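Note that the structure is a prediction, hence the values are computed from the model and not measured. We number each residue from 1, following the sequence as shown.
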Amino acid sequence: MEQKDVVIVGGGPAGLSAAIYTQPDGWSTLALETSWIGGQAAIAYTVANYPGFPPGDGEVLTENMRKQVTSPPPAGVGAECREETVVTINADEKTVITDKNQYQAGATILATGSTMQKLGASGEDEFAGKGVSYYAKRDYDKFNGKRVIVVGGGNTTAKSALVAKNEGKAKEVILVHRRDSLRAYPAMVKRLINEGVQIWYNTELKEIRGDDVVREATIANNATGEQKEVEVDWIVMCVGTEGNTKVAQETGLDMQGSVVKIDEQMMTSKPGIFACGEITGCRNHIVNAAAEGASAGMAASEYLALEKVKNGEMFEGTKNGRYADEYLRMIK
Ligand SMILES: Cc1cc2nc3c(=O)[nH]c(=O)nc-3n(C[C@H](O)[C@H](O)[C@H](O)COP(=O)(O)OP(=O)(O)OC[C@H]3O[C@@H](n4cnc5c(N)ncnc54)[C@H](O)[C@@H]3O)c2cc1C
């Protein structure tokens with residue numbers, strides 16, 4: 001079994017920020033990511049609220065984060081990222097079990113964030129990836145000349161509709177929203193209207209049908225109760241996000257409502273397992289997730305040092321005795 005000082009579960013802003021703190025402290029660090037590096041931040045259209053990053057594409061920001069994590073020093077910290085899905089963590093044996101491997105980890109940092117929520121419409125699961133998308137930004141090359149329905153009412157929905165229309169060159173874009181007004185900023189609503197996106201208020205998408213791809217959807221009018229069948233090629237769901245707490249639950253970590261419970265040292269209910277970012281209930285912003293990741297990285301680093309000192313082992317920082325004293329003072 002491969003041994004790592006720190007295994008990070010999730011390669012979003014929280015996980016990547018944690019790596020930036022653990023690897024330079026001398027702890028071999030591996031970040032495991034099930035899909036694309038950068039997490040939700042990589043699908044953000046324009047990030048305008050991350051310090052030191054002039055408003056721009058979220059993918060540019062997360063690509064910079066990835067480079068900072070994986071490039072050898074001095075350009076980066078020289079940690080490693082691998083594409084693997086973590087299934088569970090065995091806290092007693094300190095092992096991380098993925099779909100491909102098992103790792104022995106001194107400390108584990110859980111940073112599994114959130115994914116786009118499902119709407120719950122009939123046929124949604126069957127057609128996921130075959131005309132049902134959760135990420136307009138990653139799928140817009142498929143919208144050319146097509147009729148696209150975007151479901152939701154916030155700024156991300158509005159932006160997805162605009163991306164489908166402009167970058168995606170969709171023939172027609174319909175925004176389906178269950179209420180009588182959008183939550184998106186008024187300026188965004190104006191843009192939708194000016195750029196020819198149809199907004200269907202008080203409507204709900206009930207059912208999706210097709211053969212090997214999506215062909216048709218049933219849309220209900222909440223005000224009148226009427227239902228109509230609409231021909232459609234792609235449906236983009238933008239109805240919020242939900243926490244990826246499956247690994248936390250498989251691992252038996254204590255929860256606090258829907259989020260992972262942590263103490264002031266970012267440690268979960270299991271010793272040596274830390275958590276950070278959206279799964280701990282931090283504000284849903286990149287800067288908050290990154291800050292939590294940094295705190296978790298520092299806490300994990302300190303935990304590993306203390307474990308070594310407790311076991312009487314030497315490590316880089318203890319060689320001149322100074323750091324060992326500091327750590328010894330921390331042991332109660
Ligand atoms: C469309 C959109 C636009 C946004 N725009 C902005 C914005 O402009 N500004 C802003 O500040 N915030 C924005 N946000 C929010 C911001 O992106 C998130 O708050 C932030 O990315 C959370 O970081 P995180 O690391 O906690 O989680 P995530 O970014 O969700 O990353 C978690 C990662 O863990 C991975 N993972 C999950 N389970 C496993 C597993 N079992 N094994 C391995 N890997 C796993 C996931 O694939 C994911 O990559 C936006 C979000 C969205 C969806």
Pairing donors with acceptors under 3.5 angstrom, does anything connect the side chains of [X] and [Y]?
X: S160; Y: Y45; answer: yes
X: E229; Y: T218; answer: yes
X: Q40; Y: T241; answer: no
X: T95; Y: N90; answer: no
X: N101; Y: E2; answer: no

Charged N to carboxylate O below 4.0 Å: is that the case for [X] and [Y]?
X: R209; Y: E207; answer: yes
X: K137; Y: D57; answer: yes
X: R66; Y: E33; answer: no

More than 12 heavy atoms of other residues, nucleotides or ligands under 6.0 Å from [atom1] of [X]: is that the case?
X: R147; atom1: CZ; answer: yes
X: F127; atom1: CZ; answer: yes
X: K130; atom1: NZ; answer: yes
X: R179; atom1: CZ; answer: no
X: K142; atom1: NZ; answer: yes
X: Y140; atom1: OH; answer: no

Inter-residue atom distance [X].[atom1] - [Y].[atom2], 0.5 Å rounding:
X: W234; Y: I149; atom1: CH2; atom2: CD1; answer: 13.5 Å
X: E278; Y: N244; atom1: CD; atom2: CG; answer: 9.5 Å
X: I43; Y: Y134; atom1: CD1; atom2: OH; answer: 12.5 Å
X: L306; Y: N311; atom1: CG; atom2: CG; answer: 10.5 Å
X: R191; Y: I193; atom1: CZ; atom2: CD1; answer: 12.5 Å
X: Y50; Y: N64; atom1: OH; atom2: CG; answer: 10.0 Å

Does one hydrophobic cluster hold both [X] and [Y], with members joined at side-chain heavy-atom distances below 4.5 Å?
X: L16; Y: V47; value: yes
X: Y135; Y: L119; value: yes
X: L162; Y: Y201; value: yes
X: I174; Y: V132; value: yes
X: V148; Y: V213; value: no

I'd like to check [X] versus [Y] (side-chain heavy atoms, cut-off strictly below 4.5 Å). Are they in contact?
X: I262; Y: F274; answer: no
X: V287; Y: N49; answer: no
X: D25; Y: L304; answer: no
X: D180; Y: N202; answer: yes
X: I199; Y: V189; answer: yes
X: M255; Y: V260; answer: yes
X: Y103; Y: T98; answer: yes
X: M237; Y: K118; answer: no

Under the 3.5 angstrom rule, does the side chain of [X] hit a backbone N or O of [Y] as a donor-acceptor pair?
X: D263; Y: Q265; value: yes
X: Q104; Y: E93; value: yes
X: E292; Y: G277; value: yes
X: N288; Y: N284; value: no
X: N222; Y: R178; value: yes
X: S28; Y: D5; value: yes
X: K4; Y: T108; value: no
X: T251; Y: I89; value: yes
X: T85; Y: D99; value: no
X: S269; Y: D254; value: yes

**Study point:** Test applied, side-chain contact (heavy atoms from CB on, under 4.5 Å); reference residue, D233; option that passes from K146, R215, E172
**Key:**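 When K146, R215, E172 are each tested with D233, the side-chain contact (heavy atoms from CB on, under 4.5 Å) holds only for K146.
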Practice item. Among T112, L253, V247, find the one that has a side-chain contact (heavy atoms from CB on, under 4.5 Å) with I279. Key: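 Checked T112, L253, V247 against I279; only one passes side-chain contact (heavy atoms from CB on, under 4.5 Å): T112.
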Check your understanding: At their closest point, which heavy atom of L175 faces which heavy atom of A161, and how far apart are they?
Key ->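 Scanning both residues, the minimum pair turns out to be CD1-CB, 4.3 Å.
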Point to revise | Test side-chain contact (heavy atoms from CB on, under 4.5 Å) applied to Q23 and V69, step by step | key: CA-CA 9 Å; Q23 180 78 27; V69 168; over 6 Å; no
Exercise for review: Go through K228 and E226 one step at a time and tell me if the side-chain contact (heavy atoms from CB on, under 4.5 Å) criterion holds.
Suggested key: CA-CA 7 Å; K228 62 178 172 184; E226 258 175 64; over 6 Å; no
Point to revise | Candidate pair V86 and T34, rule side-chain contact (heavy atoms from CB on, under 4.5 Å), full reasoning | key: CA-CA 7 Å; V86 174; T34 185; over 6 Å; no
**Study point:** Full working for side-chain contact (heavy atoms from CB on, under 4.5 Å) between W200 and V230
**Key:** CA-CA 12 Å; W200 291 3; V230 178; 3.9 Å; yes
